[in-house]
Amino acid sequence: MAYWLFKSEPECYSYADLERDGSTGWNGVRNFQARNFLRDSVRVGDGVLYYHSNAAPPAVAGIAEVVEAGHPDPTAFDPESEEYDPKSKPDAPTWFQVTIKPVRPVDPPLSLAMLREVASLAGMELLRKGSRLSVQPVTDAEWKAVLDLAGIKPAKKSRKG
DNA sequence: GCCAACGTTGGC
DNA sequence: GCCAACGTTGGC
């Protein structure tokens with residue numbers, strides 16, 4: 001079980017949009033490092049911090065969960081899509097997506113400014129100067145700290161009976 | 001709107 | 001393989 005942070009501009013696709021849709025393919029990622037995470041590392045059941053970039057304020061707006069691991073991003077094959085990439089072929093896809101579902105909103109959202117004030121998050125990729133990675137790993141400690149700030153109790157581990 | 005930081009492209 | 005030019009990201 002691993003944790004991730006996914007960025008989305010709320011004008012484009014917000015956490016509320018995810019709740020409305022029930023689940024979504026995280027498509028349109030066109031960065032190789034992020035692609036590698038989606039293709040190789042993100043697993044079913046992983047936790048996702050849903051981050052609103054280019055927002056006022058930029059903030060973690062929700063918690064999501066991975067329901068399908070990496071598979072080809074269909075928008076890359078679609079000439080009608082803005083994300084179309086003719087170099088990506090169905091038999092040799094370049095771009096991948098995972099499918100996520102909403103778990104619960106973070107309300108009020110945890111703003112970037114608030115996260116910067118938390119000592120235990122000082123090493124977080126999101127807070128690194130110049131960080132632009134749209135799919136990034138989150139450590140166990142960072143995940144716990146963020147959920148704690150959001151007032152969310154960690155999910156009970158099923159106890160061996 | 002500004003601009004720093006970054007990733008990609010392409011000439012050589 | 002280098003690196004300048006360019007386009008994009010994303011906070012402010």
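Each chain gets a letter, A, B and so on, in the order its sequence line appears, and its residues count up from 1. In this text the structure is predicted, and so the values were computed from the model without any measurement.
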[atom2] on [Y] to [atom1] on [X], rounded to 0.5 Å:
X	Y	atom1	atom2	value
A/L110	A/D148	CG	CG	10.0 Å
A/S8	A/D17	OG	CG	8.0 Å
A/L127	A/L115	CG	CG	6.0 Å

Test ring-ring contact (aromatic ring centres under 6.0 Å, His included) applied to [X] - qualifying residues, sequence neighbours left out:
X	result
A/F37	A/W4
A/Y84	none
A/F96	none

For this session: Would you jot down, in residue-number order, the residues of residues 76-86 of chain A having a non-hydrogen atom under 4.0 Å from DNA chain B?
Result: none
Exercise. Near DNA chain B, under 4.0 Å by heavy atom, which residues of residues 113-134 of chain A?
Worked result: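 Contacting residues: A/R128, A/K129, A/G130, A/R132.
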Exercise. With ILVMFWY side chains joined below 4.5 Å, transitively, what does A/W95's cluster contain besides itself?
Worked result: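 A/F32, which link up through side-chain heavy atoms under 4.5 Å apart, make up the rest of the cluster.
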Exercise. Going by the side chain to side chain donor-acceptor pair (under 3.5 Å) test, which pairs reach into residues 111-120 of chain A, not counting sequence neighbours?
Worked result: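 Passing the test, one end in residues 111-120 of chain A: no pairs.
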Problem set entry | Bounds of contact between DNA chain B and chain A, in 5' to 3' order, using a heavy-atom cut-off under 4.0 Å |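 Range of nucleotides within reach of chain A: B/dA5 to B/dT8.
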Pairs under 3.5 angstrom only: tabulate donor-acceptor contacts from the side chains of residues 70-78 of chain A to other protein residues two or more places apart or in another chain.
{"residue": "A/H71", "atom": "ND1", "partner": "A/E68", "partner atom": "OE2", "Å": "3.4"}
{"residue": "A/H71", "atom": "ND1", "partner": "A/A69", "partner atom": "O", "Å": "2.8"}
{"residue": "A/H71", "atom": "ND1", "partner": "A/Q97", "partner atom": "O", "Å": "3.3"}
{"residue": "A/H71", "atom": "NE2", "partner": "A/Q97", "partner atom": "NE2", "Å": "2.9"}
{"residue": "A/D73", "atom": "OD1", "partner": "A/T75", "partner atom": "N", "Å": "2.8"}
{"residue": "A/D73", "atom": "OD1", "partner": "A/T75", "partner atom": "OG1", "Å": "2.6"}
{"residue": "A/D73", "atom": "OD2", "partner": "A/G28", "partner atom": "N", "Å": "2.8"}
{"residue": "A/D73", "atom": "OD2", "partner": "A/R30", "partner atom": "NH1", "Å": "2.9"}
{"residue": "A/D73", "atom": "OD2", "partner": "A/R30", "partner atom": "NH2", "Å": "3.4"}
{"residue": "A/D73", "atom": "OD2", "partner": "A/T75", "partner atom": "OG1", "Å": "3.3"}
{"residue": "A/T75", "atom": "OG1", "partner": "A/R30", "partner atom": "NH2", "Å": "3.1"}
{"residue": "A/D78", "atom": "OD1", "partner": "A/E80", "partner atom": "N", "Å": "2.8"}

For this session: Output all residues satisfying side-chain contact (heavy atoms from CB on, under 4.5 Å) with A/K101, sequence neighbours left out; order by chain, then residue number.
Result: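 Once residues adjacent in sequence are excluded, the partners of A/K101 under the side-chain contact (heavy atoms from CB on, under 4.5 Å) criterion are A/S23, A/E65, A/V67.
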For this session: Using the test side-chain contact (heavy atoms from CB on, under 4.5 Å), find all partners of A/S53 that sit at least two apart in sequence or belong to another chain.
Result: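 Testing A/S53 for side-chain contact (heavy atoms from CB on, under 4.5 Å), a comparison that skips the adjacent residues, returns A/K7, A/E9, A/Y51.
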For this session: Note down the inter-axis angle between the two ends of the helix from B/dG1-C/dC12 to B/dC12-C/dG1, five pairs each, to the nearest 10°.
Result: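 Comparing the axis at each end, I get an angle of 10°.
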Exercise. Taking for each residue the nucleotide of DNA chain B with the nearest heavy atom, is it A/N31 or A/N54 whose nucleotide lies nearer the 5' end?
Worked result: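 Closest to the 5' end, via its nearest nucleotide, is A/N54.
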For this session: Establish whether A/M124 and A/V118 are linked, either directly or via other cluster members, by ILVMFWY side-chain heavy-atom contacts under 4.5 Å.
Result: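 Yes: a chain of side-chain contacts under 4.5 Å links A/M124 to A/V118.
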